[in-house]
Amino acid sequence: MAEIETLHRYDAKRADEIECRWQQQWMRDGAFRAPNPGDAGFDPSKPKYYILDMFPYPSGAGLHVGHPEGYTATDIVARYKVSCGFNVLHPMGWDAFGLPAEQYAVQTGVHPAVTTQSAIDNFRRQLQRLGFRYDWSREFATIDSDYYRWTQWIWLRAYHAYYDVATDRAQPIAQLQSQLASEDRLIALADGRQIQWSACTPQQQQAHLDGFRLAYLGHQTVNWCPALGTVLANEEVIDGRSERGGHPVLRMPLRQWMFRITAYAQRLLDDLALVEWPESTRAMQTQWIGRSEGAEVRFAVEGFGDLTVFTTRPDTLFGATYMVVAPEHPLVEWVSAMRGGAHTKITEYANWSRNRSDVDRQAESREKTGIALGVSALNPATGERIPIWTADYVLMAYGTGAIMAVPAHDERDFEFAKRFDLPIRQVVAAVDGGVWTGACATPLPGIACNSRSAQVSLDGLATPAATAKMIAWLVEAGLGSKRVNFRLRDWLFSRQRYWGEPFPIVFDERGMHFPVAESALPVRLPTLVDYAPIESAQPMPPLAKATDWVATTAGEAGVDPTLLDPATPVRREVNTMPGWAGSCWYYLRYCDPKNNAQFVGKSAQQYWMGDRGVDLYIGGSEHAVLHLLYARFWHKMLFDLGEVFTPEPFAKLFHQGMITSFAFERVDGSLLATDAVRQESGQWFEIATGHAVNRVIAKMSKSLKNVVTPDDVVAEYGADTLRLYEMYMGPLADSKPWNTRDIAGVFRFLQRVWRLAIDERTGSVIVAREGNREIERQLHRTIHKVAIDIERLAFNTAIASLIELVNAATRPTEMKDPSDGGLSRDQLRRFLSVLAPFAPHLAEELWMRIGEAGSVTLAPWPRVDQTQLVDDTLELPVQIAGKVRARVIVPSGADASAIELIVLRDAKVQEALAGRAPKKVIVVPKRMVNVLV
RNA sequence: AGGCUCGUGGCGGAAUUGGCAGACGCAGCGGACUUAAAAUCCGCAGAGUUCACCCUCAUCCGGGUUCAAGUCCCGGCGAGCCUACCA
């Protein structure tokens, strides 16, 4: 009996059957194919919409339920935009080079090419099972040589370019080179000598040009991580440990490929104003770029020359009572060399602090350390001799690696001055006239004081005016200038790893580098059997093991014969590019992924990127700085080089929140796995001890046994339910806990939708004979609200309104004739087209069953009748003395005075007024009425 | 230490941006159907006062602006994220 009743019910088995069948059908029909301009089926009359998910990194573990959150959101928007008449580009592919795959390979002994491919296949299978309308014909992976060929090509473009300050954009380096040659300019060599360009050796010329290239070989202090066997970018080091794995990071000097991202600092900052991005992300990038305005001031040091500092407070120059240079500063070396063995303590200190890893620095207290160099500088304002110290609180990498210390108005300098008993002089007074006690530093703006000399006086000026006057004086006296400084550093782009893009570059025996010609790309990654990192004190890239590949000739490698004789023996670059490389431009390749002649065809790019780039980009906020800054930088380089046509790549950005899970916490704060706990009358207890524990929100992790995978949920409820649940959990941007129990709610909703159209006993279609007027009204409102909510990415409330509609239309059990209730065929049709973006399989199935032609995925968004959105009458609450005391029914078009009349005549209002005359009546049409007594 | 974001029922969350706080869902309770259960359908449901009506209190705490505050302003407490000696 029971079996017969549920024979045609929407259950997991039926969902599975429906979903798999339609997924195959869509694939067969090429339903999600987006033709390019010029392709068959391309409709140029439609506007474009480019919606993109952040590039997934396929891990061996497969998807967990966090992944499909953003993907479902973009899928809903994509389907909605299609039904609104847009040509929608919605691609998917794989970011597949990089550290995790390589480490996994080293652990398992299976080649990364193999593990990566199976991870990709698994990810693709899982995503396809969820019915996302990706144009899979555009799929690619960063490890495809057809793709990384162009990654190398872009790198070469940067290698062949420099930043021209005069035009404020990148230009071909050949231009600079011919300028230097034709004018035969004087070139400053590394040792300080100046010689004519024509008199330079080729090595000297190359070194000079490397000082300008956007992709250049630089000698840098790098973050060397022995555990990972590679160096890391500044962005990949957190608290002195590697972002990935948390291993200690050491600092050492190394010759590495760099990107001159600092040349773009100002534009990267300015153009944040052009994009529609979360405020927090823009703030993070702004902070990371770290622009500060100030001045450069030169202090004379006898015998050494000028010691230049950067300061944001030149107005406090009179208060500079000592100076500090970083332990790596050339002055330190100069002093110890000059004083020979007599001052080994200085060398000792410099070495000690230089070799101290950032971890040690963090671990120790903030107690300042330092040592006096025994030399002094001339304070240009006061004319006083002030001592120079070295201390590790001054960083070589920021500004000039040297500071003027103004202990009265800088907390760090104050602390240092107290520790080493250095003089402190107030030069800024509080605006409110408060007396400076000398107990702490006062870094705030104020009124300059004690700042007078024969040449210049700042006394009495407010900080901004004092700053301006000081800079003017410094410029006039030839002692300094206005300067803008950035926190951003150049981007270290080499990794000592196997699993990455090879650099298209070779070195000859003199150590000079030569580019591989564009026509010879790609430089293929050789297949290595032993790709394990080489353990050593010095970085040793694994590619060095591919000796046959490394040692070659210029001709073999593809170096332009006019640059180097093809027979010349050369060695290939053995470093590889970092994992970020491939994700810097993938959104461009999606526009034209099969192009063999160009990195992206011009017409395809111009169509899909349009004026503003990607229309909607959704991904996690963990990429707020790294990926999003790097991609913007590449885009701007390509813009300057005439390869792309929008200043920014991503017009609108949105971060989905994290999906968390529950775990349990003992009284002492330690966490328990979900299977170590039982629930009893609303309380949780640790099974082993019987002690009460608290339910808390935690990240999904294997150890807590709270990981949920899409495969699990699909098996139990189907993909439509999973999609709907993830979108119904709460606002997309929020992080929210997965609660398995709640899934039943949306599953029941889909079952009610099913029953609206299908008789569960017979499986036949049942619709209302005629559409109910009230339901019709609500249907229009629902269509209207769902559209608005999709546009603002508020999927939870869109679904709530769909549920409300279905609840209203659901037939009561006691209804004898089902065609008395529910939705009419026409209403059902319109309802299914607004349900389709959320639950595409069920919508498609019912669409077919009620006899609609074609696919619901191609149906236009139903028209909303504006007159159906307003009622004839409205119920308004009436507040009297601040409390709602009555409700009145008014015509919806009534104006304020008409409403007031109705309100004052109302019996309840009269009663509540109890004879008092209203002092004032405030009418907010369509909202409420407030009567003041 | 600083910057940003945020604190609403037992739980996830709504609230057209200053206008009836708690939509919708979960969990809970009651009813119908059933021999019974499940499923389904119909209701109830912030807290308090002896139920329904009524009334009082209520959006972390304390002040303020306003006819009106979850929403705006000031102060405090708490949470999360980011930065962390950046001169």
Side-chain angles (χ1 to χ4, degrees), chain A residues 1-2 5-6 9 238-239 278-284 286-288 290-292 294 309-313 316 324 361-362 366 368 391-395 397-406 409-413 415-416 443 485-489 621-622 624-625 657-658 662 682 695 697 724-725 728-731 733-746 748-749 751-752 755 760 785 788 794 796-804 807 810-815 875-879 881-884 887 919-933:
Chain A
M1 184 67 180
E5 281 194 4
T6 58
R9 174 159 291 187
I238 292 164
D239 290 344
E279 202 41 57
S280 59
T281 302
R282 286 205 298 226
M284 275 194 248
T286 302
Q287 202 168 26
W288 191 266
R291 181 185 202 273
S292 46
V309 302
F310 171 70
T311 175
T312 54
R313 291 294 299 274
T316 62
V324 188
R361 287 201 196 186
Q362 292 293 329
R366 278 293 159 79
K368 293 270 185 294
D392 67 357
Y393 83 92
V394 173
L395 310 173
Y398 185 77
T400 61
I403 62 157
M404 63 179 215
V406 185
H409 307 291
D410 181 283
E411 281 164 27
R412 297 152 302 186
D413 297 345
E415 214 183 296
F416 192 80
N485 200 49
F486 293 94
R487 208 189 77 121
L488 185 72
R489 323 252 167 94
S621 59
E622 67 273 18
V625 176
M658 205 190 343
F662 291 118
R695 190 169 79 163
I697 288 167
L724 215 50
Y725 173 62
Y728 190 59
M729 290 173 77
D734 291 3
S735 108
K736 34 205 178 272
W738 185 270
N739 193 353
T740 301
R741 200 156 62 178
D742 289 349
I743 304 171
V746 287
R748 284 200 281 256
F749 161 66
Q751 289 182 313
R752 279 199 295 277
R755 276 195 289 273
E760 286 194 330
K785 175 156 177 64
I788 289 171
N796 54 333
T797 51
I799 294 167
S801 70
L802 290 170
I803 293 173
E804 281 181 89
N807 288 351
T810 293
R811 304 175 185 88
T813 7
E814 56 270 22
M815 185 175 277
E875 191 191 70
L876 294 186
V878 180
Q879 281 189 10
K883 302 266 180 243
V884 178
R887 287 161 204 287
K919 255 193 226 143
K920 192 175 178 190
V921 180
I922 293 160
V923 177
V924 186
K926 297 184 193 215
R927 287 279 171 266
M928 67 171 327
V929 180
N930 199 352
V931 181
L932 310 182
V933 291

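Convention: sequence-line order gives letters A, B, ...; per-chain numbering from 1.
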Same-atom distance ([atom1]) from [N] to [M], integer angstrom:
{"N": "B:U17", "M": "B:C72", "atom1": "C1'", "result": "11 Å"}
{"N": "B:C4", "M": "B:C57", "atom1": "C1'", "result": "35 Å"}
{"N": "B:C11", "M": "B:C61", "atom1": "P", "result": "15 Å"}
{"N": "B:C54", "M": "B:U66", "atom1": "P", "result": "32 Å"}
{"N": "B:G22", "M": "B:G9", "atom1": "C1'", "result": "7 Å"}
{"N": "B:C41", "M": "B:U56", "atom1": "P", "result": "39 Å"}

To the side chain of [X], which of [options] is closest?
{"X": "A:Pro812", "options": "B:A87, B:A68, B:C41", "answer": "B:C41"}
{"X": "A:Thr810", "options": "B:A84, B:C41, B:C20", "answer": "B:C41"}
{"X": "A:Arg752", "options": "B:C41, B:A87, B:C24", "answer": "B:C41"}
{"X": "A:Gln751", "options": "B:G19, B:U40, B:C85", "answer": "B:U40"}
{"X": "A:Trp288", "options": "B:C85, B:C20, B:U83", "answer": "B:U83"}
{"X": "A:Arg755", "options": "B:C85, B:U40, B:A84", "answer": "B:U40"}

Short side-chain N/O contact from A:Arg487 to OP1 or OP2 of B:U83, under 4.0 Å =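 It does not, given that no N or O in the side chain of A:Arg487 lies less than 4.0 Å from OP1 or OP2 of B:U83.
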key: Positive for side chain to side chain contact (heavy atoms under 4.5 Å, CB included) with A:Ile403, one of A:Thr311, A:Val394, A:Leu395   =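 Among A:Thr311, A:Val394, A:Leu395, the one meeting side chain to side chain contact (heavy atoms under 4.5 Å, CB included) with A:Ile403 is A:Val394.
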Listed pairs, N/O of protein and of nucleotides 12-16 of chain B, under 3.5 Å:
| from | atom 1 | to | atom 2 | distance (Å) |
| --- | --- | --- | --- | --- |
| B:G12 | O2' | A:Met729 | O | 2.7 |
| B:A14 | OP1 | A:Asn796 | ND2 | 3.0 |
| B:A15 | OP1 | A:Arg792 | NH2 | 3.4 |
| B:U16 | O2 | A:Arg927 | NH2 | 2.7 |
| B:U16 | N3 | A:Arg927 | NH1 | 3.2 |
| B:U16 | N3 | A:Arg927 | NH2 | 2.9 |

Under-3.5 Å N/O pairs linking protein and nucleotides 27-31 of chain B:
| from | atom 1 | to | atom 2 | distance (Å) |
| --- | --- | --- | --- | --- |
| B:A27 | OP2 | A:Arg748 | NH2 | 3.1 |

Flag for A:Tyr393-A:Asp413: side-chain donor and acceptor within less than 3.5 Å = yes
task = Specify the separation, in whole Å, of atom CD of A:Gln287 and atom P of B:C4.
result =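 In whole Å, B:C4 P lies 10 Å from A:Gln287 CD.
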